Asks: 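The structure that follows is given in the form of structure tokens.
As the structure is a computational prediction, the values presented were derived from the model and not from experiment.
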Amino acid sequence: MTVRVRVAPSPTGSLHVGTARAALFNWLYARHHGGQFILRVDDTDRERSTAEHEAEIIDSLRWLGLDWDEGVEVGGPHGSYRQSDRYQRYREAAMTLIESGAAYHDNRTTEELEALRRQAESERLHPGHYIRRTESGAGAGAIRLSVPQDHPVVFEDLVRGTVSFEARDIDDFVILRSDGTPTYHLASTVDDIDYGITHVARGEDLLPSTPKHILLTRALGADEVSYAHLPLLFGTDGKKLSKRHGATSLSTYREEGYLPDAVFNYLSLLGWSLDAETTIFSRAQAVAAFELTNVSRNPAVFDPEKLAWMNGEYIRMMDPSAFQAAVRPHVESAAGRALSDEEWAKFQAVSDLVQERTRLLPEAGEQVVFLFGDLEDYDDESWEKVMAKDGVAGILDEATSRLATLEVWETGAIEPLLRGMLDDLGIGAGRGLQPLRVAVTGSSVSPPLFESMAALGRERTLERLGRARARLDG
RNA sequence: GGUCCCGUCGUCCAGAGGCCCAGGACGCCGGCCUUUCAAGCCGGAAACGCCGGUUCGAAUCCGGUCGGGACUGCCA
């Protein structure tokens with residue numbers, strides 16, 4: 001049997017990392033087994049669903065590199081993959097269940113139901129004990145599934161093993177609201193049946209809903225699907241992942257300069273591993289090794305630090321030309337304007353050095369702004385630490401006069417010249433070169449000094465040495 | 001409260017009875033390299049929640065206990 005899995009985001013917001021991780025695992029499972037990965041849009045919440053959110057989710061999925069074989073935008077043999085287009089189908093399914101006696105109309109009011117719940121609570125009973133079929137419904141009101149009370153619902157979860165729910169703990173849940181719209185349970189189950197889904201891998205938060213879906217599937221006379229409930233993602237404080245922990249939407253990571261390959265690699269490590277040793281691996285390796293039965297049962301904490309480290313690893317693996325292309329928008333953004341070819345050549349001169357020390361793409365911009373601005377500002381901390389020391393003025397003067405004599409302005413000439421100066425002055429590189437670095441780049445943290453000077457050019461290097469010297473006196 | 005799920009270093013993952021006085025990665029600490037910062041290299045601290053049981057032998061199996069989480073809507 002061909003594996004058919006799906007991811008079904010609700011377009012009520014951008015793509016959450018938890019949803020992205022679930023999508024990723026489904027995609028890996030489909031690719032590993034040569035099956036199909038389907039994108040369905042669960043937009044039954046008409047109030048909050050928007051076309052903009054849907055477009056953003058689709059963008060994010062593509063950016064992550066998850067391609068789908070059927071679904072929204074790419075189509076497929078099952079008509080629409082958007083639930084809002086299938087209300088008629090859900091209503092028919094609900095009517096079928098009414099006719100077979102598996103479901104019933106319930107026209108009790110919200111107040112009545114609320115009273116029943118309170119009663120159940122006060123008697124420490126399951127709400128399901130009270131929310132049961134009544135004879136009052138006569139073709140009006142919401143439609144509830146009549147939960148069979150003779151057997152518990154037991155299923156084999158691919159990651160959790162045998163899971164069992166007593167029938168009395170499952171209430172007669174609503175499948176069609178009184179306004180004729182389907183609930184999530186109905187729409188999702190009907191779609192999974194109609195689209196021939198074989199495996200449902202989703203967040204553990206839906207584990208308590210699973211017996212309901214199984215009951216519905218049976219009542220509709222369809223074959224049961226396999227379930228895999230993935231561990232939830234939490235923030236570093238152990239609480240459910242939310243805005244407080246930084247970005248929760250995938251599009252934010254994209255904007256902040258993360259690489260899709262790095263995010264893919266990191267996300268796949270949340271609840272799964274390639275083997276006991278390997279941390280960095282390719283998509284192909286993941287596809288070859290992935291199995292839902294190897295997914296961990298423990299909840300995972302999403303650690304932005306490790307993601308950033310991994311992103312740095314991927315940046316270092318990039319082709320120099322690919323790095324330059326990826327980083328250009330960030331460098332231009334830091335410079336505050338588009339760069340000319342001559343200016344870009346200055347960046348290219350130090351690009352390799354920048355690539356080694358970049359974790360997030362925007363950091364590259366910060367490292368090289370000195371090449372493109374007028375350097376109005378020095379980093380205060382750097383200035384304090386380096387420039388407020390004895391002898392700095394003398395070092396700046398000496399370097400300025402020696403550099404002014406250079407015939408050829410390139411790293412190979414600048415380095416021996418300045419090293420010679422250090423020898424003559426009898427001072428170490430740390431003490432002698434740091435002031436020059438701060439003077440030239442504005443910060444004590446920068447790409448290597450000689451290369452930075454070479455890229456900056458003679459005129460501007462000397463100018464900055466002079467300006468720093470003046471600031472010392474001032 | 002009820003139902004269900006989970007419990008190995010701070011964090012992610014490995015471990016499917018002896019290979020484990022527990023392995024890899026991030027982070028942290030120390031050192032080397034070095035013009036700074038990174039990167040790289042070397043080294044270090046750091047965990048099987050607890051109590052019983054099964055067994056010659058348990059991180060691995062069973063029971064209990066404690067702790068955490070999810071769900072408990074005519075949201076998804």
Asks: Provide the Watson-Crick or G-U wobble partner of C12(B), both distances under 3.5 Å; none if there is no partner.
Replies: G24(B)
Asks: Over all strands shown, is Leu206(A) touching base, sugar-phosphate only, or nothing at heavy-atom distances under 4.0 angstrom?
Replies: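 Base, at least one base atom sits under 4.0 Å.
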Asks: When the P atoms of C9(B) and A46(B) are considered, how many whole Å apart are they?
Replies: 14 Å
Asks: For Ser209(A), which contact category applies under a 4.0 Å heavy-atom criterion: base, sugar-phosphate, or nothing?
Replies: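 If one applies the 4.0 Å heavy-atom cut-off, Ser209(A) turns out to touch a base.
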Asks: Aromatic rings Tyr227(A) and His229(A): how do their planes relate, parallel, tilted or perpendicular, breaks at 30° and 60°?
Replies: parallel
Asks: Please state whether the base of C74(B) and the side chain of Ser178(A) form at least one donor-acceptor pair under 3.5 Å?
Replies: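 Yes, the side chain and the base share a sub-3.5 Å donor-acceptor pair.
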Asks: Side chain of Pro208(A) only, please: which of C4(B), C71(B), C74(B) is the nearest?
Replies: C71(B)
Asks: Is Asp191(A) paired with Arg6(A) through a side-chain N to carboxylate O contact shorter than 4.0 Å?
Replies: no
Asks: Scan nucleotides 30-46 of chain B nucleotide by nucleotide, 5' to 3', and note B when protein non-hydrogen atoms come under 4.0 Å of the base, S if they reach only the sugar-phosphate, - if neither.
Replies: -----BBBBSS------
Asks: For the pair Glu415(A) and Arg419(A), find out whether any cationic side-chain nitrogen is under 4.0 Å from an anionic carboxylate oxygen.
Replies: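 Looking at Glu415(A) and Arg419(A), the cut-off is met.
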Asks: For each nucleotide in nucleotides 6-16 of chain B, reading 5' to 3', give B when a protein heavy atom comes within less than 4.0 Å of its base, S when such contact involves only the sugar-phosphate, and - otherwise.
Replies: SSS--SBSS--
Asks: Using the ring pair (Phe, Tyr, Trp, His ring centres under 6.0 Å) criterion, which residues pair with His213(A)? Sequence neighbours excluded.
Replies: Tyr184(A), His185(A)
Asks: Please determine, for the side chain of Tyr184(A), which listed nucleotide (A76(B), C5(B), G24(B)) has the closest atom?
Replies: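 Out of A76(B), C5(B), G24(B), the nucleotide with an atom closest to Tyr184(A)'s side chain is A76(B).
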Asks: Who passes ring pair (Phe, Tyr, Trp, His ring centres under 6.0 Å) against Tyr29(A), sequence neighbours left out?
Replies: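 Scan of Tyr29(A) (ring pair (Phe, Tyr, Trp, His ring centres under 6.0 Å), adjacent residues dropped) gives His33(A), His199(A).
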Asks: Hey, which of these two, Leu207(A) or Leu232(A), hits RNA chain B nearer its 5' end, going by closest nucleotide?
Replies: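 Whichever sits nearer the 5' end wins; that is Leu207(A).
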Asks: My understanding is that only residues two or more places apart in sequence, or in another chain, count here; which of them pass ring pair (Phe, Tyr, Trp, His ring centres under 6.0 Å) with Trp309(A)?
Replies: none
Asks: Looking at every strand, decide which applies to His185(A) at a 4.0 Å heavy-atom threshold: base, sugar-phosphate, or nothing.
Replies: base
Asks: Can we say Asp42(A) and Arg82(A) salt-bridge, meaning some charged N sits less than 4.0 Å from an Asp/Glu carboxylate O?
Replies: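 Here Asp42(A) does not pair with Arg82(A) in a salt bridge, since their nearest N and O are not under 4.0 Å apart.
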Asks: For the side chain of Phe234(A), starting at C-beta, report the closest nucleotide among C74(B), A76(B), G69(B).
Replies: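 Of C74(B), A76(B), G69(B), G69(B) is nearest to the side chain of Phe234(A).
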Asks: Is Arg402(A) salt-bridged to Asp397(A), going by a charged N under 4.0 Å from an acidic O?
Replies: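 Result for this pair is no, no salt bridge flagged.
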Asks: With sequence neighbours excluded, what pairs up with Glu92(A) under the side chain to side chain donor-acceptor pair (under 3.5 Å) test?
Replies: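 In terms of side chain to side chain donor-acceptor pair (under 3.5 Å), with neighbours along the sequence ignored, Glu92(A) is linked to no residue.
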